[in-house]
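Letters A, B, ... are given to chains in the order of the sequence lines, protein chains preceding strands, and every chain is numbered from 1. Atoms considered below: every heavy atom in the structure, side chains included; atoms not considered: hydrogens, waters and symmetry mates.
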Amino acid sequence: IDGLCKLGRVEEAELLLEQMQQRQCFPNLVTYSTLLNGLCATGNVARAWFLLKEIVQLGYKPEAVSFNMLLNKLCKMNRINHAVELVKDMIEQGCSPDQVSHNILVDALCKSQEVENASGYLQLGGVFPPSVEAYTSLIHSLCKAGDYNEALALLDFMPSTGCLPNTITYNAMIDGLCKAAEVDKAHTVFQGMVKSGFTPDRITYNSLIDGFGKAGRVKEAEELLRLMQSNGLKPCTITYTSLISGLCLIRHVDKAVRTLRRMSSAGCSPDGITYTVLIDGLVKTGRFRSAEKLFMEMKMKSKRGCAPSVFTYSSLVKGYLRAGKPDRVLELLDEMLKRDCPPNIVTYNILIHGLVQEKQVDRAVWLLQEMEKQGCSPNIISYSSLIYGLCCALRLEEAYELLQNMLKVSARPPSPVTFTAIAEGM
RNA sequence: ACUCAUAGAACAACCAC
């Protein structure tokens with residue numbers, strides 16, 4: 001049953017569970033939990049919940065582990081109300097949430113931009129003192145919210161509560177700093193981590209390599225790659241993809257292509273993301289022939305996880321729009337539909353921007369309506385691009401109307417970019 | 001035996017180049 005679940009073949013696993021009973025071999029709690037986990041992993045939460053209730057009706061008393069599987073999945077799917085309901089269920093059935101349940105809830109609070117609440121919840125403490133996992137969730141989210149100083153303070157503070165950080169905690173901190181464009185601080189934390197006797201893993205290095213790449217400091221990224229290898233860690237697809245991305249950013253696309261070939265011969269195959277990063281870099285430097293070559297290569301390796309994605313198509317569409325090759329753009333759009341890879345909001349935004357650049361504002365106006373019809377609601381970027389176009393064309397009434405419309409329908413507040421665009425356009 | 005935290009890709013204005 002576990003094997004089938006891990007292969008994603010949950011229906012067969014369910015069937016097998018029934019068959020074993022017919023053969024007088026009765027499942028126990030572990031059997032059920034195994035299936036439950038499979039159902040959760042494949043997103044069948046409704047069936048998972050049903051199974052959980054069934055287990056109870058059969059007279060079993062599931063432990064926290066079983067509830068936690070579903071709890072985690074519900075939280076990850078952002079179905080917080082259901083998660084809360086499950087916790088109530090759990091308590092009603094005489095099963096107290098354990099440390100793992102708490103960790104899952106803290107993480108959910110963190111990820112729903114309720115870091116403050118998560119922190120408060122932790123301090124409430126109750127039965128469980130904050131665990132490493134909880135601290136790691138907090139550090140990760142604080143960084144994401146832009147408050148890396150607070151995260152650093154927390155990392156410092158943890159040991160005083162008797163809870164030492166581990167490699168994962170450090171990884172969260174290092175990655176958070178890298179994403180905040182503070183690679184030097186990240187590197188300092190990295191050194192501190194090593195000094196304190198923690199062993200960096202593949203993820204630690206991947207974060208740093210990506211961070212240095214994004215800062216345009218590829219030399220240092222490459223040094224880290226060597227350091228990683230000398231510490232017995234094998235660079236993986238993500239490592240090389242970050243490196244390639246960094247090379248593309250500083251426009252060293254030839255070296256980026258060579259890196260792609262090098263990784264293949266090092267026994268590490270590029271995936272769809274690797275190709276997309278490289279294609280994007282090539283297109284941005286006008287190297288369409290090389291980009292097309294790789295694009296072909298992707299299609300040939302479609303069955304090996306390299307199929308072109310919306311990301312790939314969007315990169316190409318943007319490139320060809322800029323290069324003034326509308327025919328190729330149309331071909332690509334057509335291909336997207338044929339390959340069951342329909343344009344998404346970013347693709348539409350690229351097209352609107354392209355039309356505005358070409359002074360084809362009427363068609364851009366039409367496209368904004370069209371995307372809505374295709375079930376793709378415009379966002380701030382779509383509106384801002386079009387408003388800019390309308391302002392440039394001195395169609396101020398329409399621009400104003402659109403702005404009102406945007407303010408009405410948009411969940412998020414307008415960005416300063418919108419207003420700069422209006423001012424510039426006018 | 002089963003559950004929790006960390007890593008890679010595409011889009012708008014200006015500025016700078």
Side-chain angles (χ1 to χ4, degrees), chain A residues 2 29-38 40 63-73 75-76 98-108 110 131-141 166-176 178-179 201-211 213 236-245 248 271-281 283 309-318 344-354 356 379-389 415-425:
Chain A
D2 190 44
L29 254 180
V30 175
T31 327
Y32 284 115
S33 293
T34 305
L35 178 62
L36 190 75
N37 197 33
C40 290
E63 291 171 35
V65 236
S66 310
F67 286 100
N68 288 342
M69 295 169 177
L70 183 54
L71 185 64
N72 184 42
K73 189 64 190 184
C75 287
K76 293 280 138 50
D98 65 359
Q99 174 84 68
V100 174
S101 325
H102 281 263
N103 292 342
I104 292 172
L105 292 172
V106 168
D107 190 61
C110 286
S131 61
V132 215
E133 287 85 353
Y135 276 116
T136 307
S137 292
L138 269 171
I139 288 174
H140 175 88
S141 308
N166 60 19
T167 298
I168 302 186
T169 318
Y170 277 107
N171 287 351
M173 189 67 242
I174 289 170
D175 187 59
C178 287
K179 295 228 158 63
D201 64 8
R202 200 199 289 247
I203 297 187
T204 322
Y205 286 101
N206 285 349
S207 292
L208 284 166
I209 290 171
D210 191 63
C236 65
T237 308
I238 297 185
T239 320
Y240 285 110
T241 305
S242 288
L243 199 61
I244 290 174
S245 167
C248 287
D271 65 9
I273 300 185
T274 320
Y275 276 103
T276 302
V277 169
L278 191 46
I279 287 175
D280 187 63
V283 154
S309 65
V310 214
F311 288 78
T312 324
Y313 282 105
S314 298
S315 280
L316 286 164
V317 164
K318 182 177 159 76
N344 67 8
I345 186 157
V346 174
T347 326
Y348 280 112
N349 288 348
I350 290 171
L351 289 168
I352 289 175
H353 180 245
V356 163
N379 63 10
I380 302 181
I381 298 186
S382 337
Y383 280 108
S384 300
S385 301
L386 188 51
I387 291 172
Y388 175 72
S415 82
V417 177
T418 311
F419 294 104
T420 321
I422 295 173
E424 276 305 314

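Picking from B/rA10, B/rA7, B/rA13 the nucleotide with the shortest atom distance to the side chain of A/S314 gives B/rA10. Side-chain proximity of A/T241 to B/rA7, B/rA5, B/rG8: nearest is B/rG8. Closest approach to the A/I380 side chain among B/rG8, B/rA12, B/rU6 is made by B/rA12 (side chain taken as heavy atoms from C-beta onward). You'll find that the side chain of A/N103 is closest to B/rC4, out of B/rC2, B/rC4, B/rG8. For A/M69, the listed nucleotide lying nearest its side chain is B/rC2; candidates were B/rA5, B/rG8, B/rC2. You'll find that the side chain of A/S242 is closest to B/rG8, out of B/rA5, B/rG8, B/rA10. Listed nucleotides B/rA12, B/rA5, B/rC14 differ in distance to A/T420; the shortest reach to its side chain belongs to B/rC14. Closest to the side chain of A/E133, from the set B/rC4, B/rC11, B/rA7, is B/rC4. Comparing B/rA9, B/rA7, B/rA12 by their closest approach to the side chain of A/S385 singles out B/rA12. Residue A/H140 places its side chain closer to B/rU6 than to any other of B/rU6, B/rA13, B/rU3.
Under 4.0 angstrom from either OP1 or OP2 of B/rC2 there lies no side-chain N or O belonging to A/Y32. For A/K318, a side-chain nitrogen or oxygen approaches OP1 or OP2 of B/rA12 to under 4.0 Å. Contact check, A/K179 against B/rG8: a side-chain N or O comes under 4.0 Å of OP1 or OP2.
Residue A/T274 is classed as a base contact, given a heavy-atom separation below 4.0 Å to a base. Using a 4.0 Å heavy-atom distance criterion, A/S384 is classed as a base contact. Using a 4.0 Å heavy-atom criterion, one finds that A/I168 contacts the bases of the nucleic acid, with or without backbone contacts as well. Residue A/T347 is classed as having no contact, given no heavy-atom separation below 4.0 Å to the nucleic acid. A/S66 comes within contact range of no nucleotide atom at all, as no heavy-atom separation falls under 4.0 Å. Within the nucleic acid shown, A/N379 has no heavy atom closer than 4.0 Å to any nucleic acid atom. Residue A/I350 is classed as a sugar-phosphate contact, given heavy-atom separations below 4.0 Å to backbone atoms only. When heavy atoms are screened at a 4.0 angstrom cut-off, A/S33 is found touching base atoms of the nucleic acid. At the heavy-atom level, A/V277 lies under 4.0 Å from the strands shown only through sugar-phosphate atoms. Within the nucleic acid shown, A/D271 comes within 4.0 Å of at least one base atom, counting heavy atoms only. Within 4.0 Å of A/D2, counting heavy atoms only, lies no atom of the nucleic acid at all.
Expressed to the nearest 0.5 Å, how far CG of A/N103 lies from OH of A/Y135 amounts to 11.5 Å. Going from atom OG1 of A/T136 over to atom OH of A/Y170 covers 11.0 Å, rounded to the nearest 0.5 Å. The line from CD1 of A/I244 to OG1 of A/T237 is 9.5 Å long, rounded to the nearest 0.5 Å. Taking NE2 of A/H140 as the reference point, atom CG of A/N171 lies at 12.0 Å (rounded to 0.5 Å). Between the OG1 atom of A/T167 and the CD1 atom of A/I203 there is a distance of 10.0 Å, given to the nearest 0.5 Å. Note that the CG atom of A/N344 and the OH atom of A/Y313 stand 13.5 Å from one another [nearest 0.5 Å].
For A/L208 and B/rG8, the CG to P distance is 12 Å, given to the nearest whole Å. Atom CG in A/L316 sits about 13 Å away from atom C1' in B/rA9, given to the nearest Å. One atom, OH of A/Y135, and another, P of B/rU6, lie 18 Å apart when rounded to the nearest Å. Rounded to a whole Å, the CD1 atom of A/I352 is 15 Å from the P atom of B/rC11. Distance A/Y313 OH to B/rC11 P: 18 Å, rounded to the nearest Å. Remark: P of B/rA9 and CG of A/N206 are 12 Å apart, rounded to the nearest angstrom. We find that CD1 of A/I209 is positioned 17 Å from C1' of B/rA9, with the value rounded to whole Å. In this structure, the CG atom of A/L105 is 13 Å from the C1' atom of B/rU3, given to the nearest Å.
Taking A/L29 as the reference, A/I55, A/Y60, A/P62 meet the side chain to side chain contact (heavy atoms under 4.5 Å, CB included) condition, with sequence neighbours excluded.
A/S385 places a side-chain N or O within donor-acceptor distance of the main-chain N or O of A/I381, the cut-off being under 3.5 Å.
Ring stacking is absent between A/F311 and B/rA10, as the pair misses the limits of under 5.5 Å between centres and under 30 degrees between planes.
On a pure distance criterion of 3.5 Å, a polar donor-acceptor pair joins the side chain of A/N344 and the base of B/rA10.
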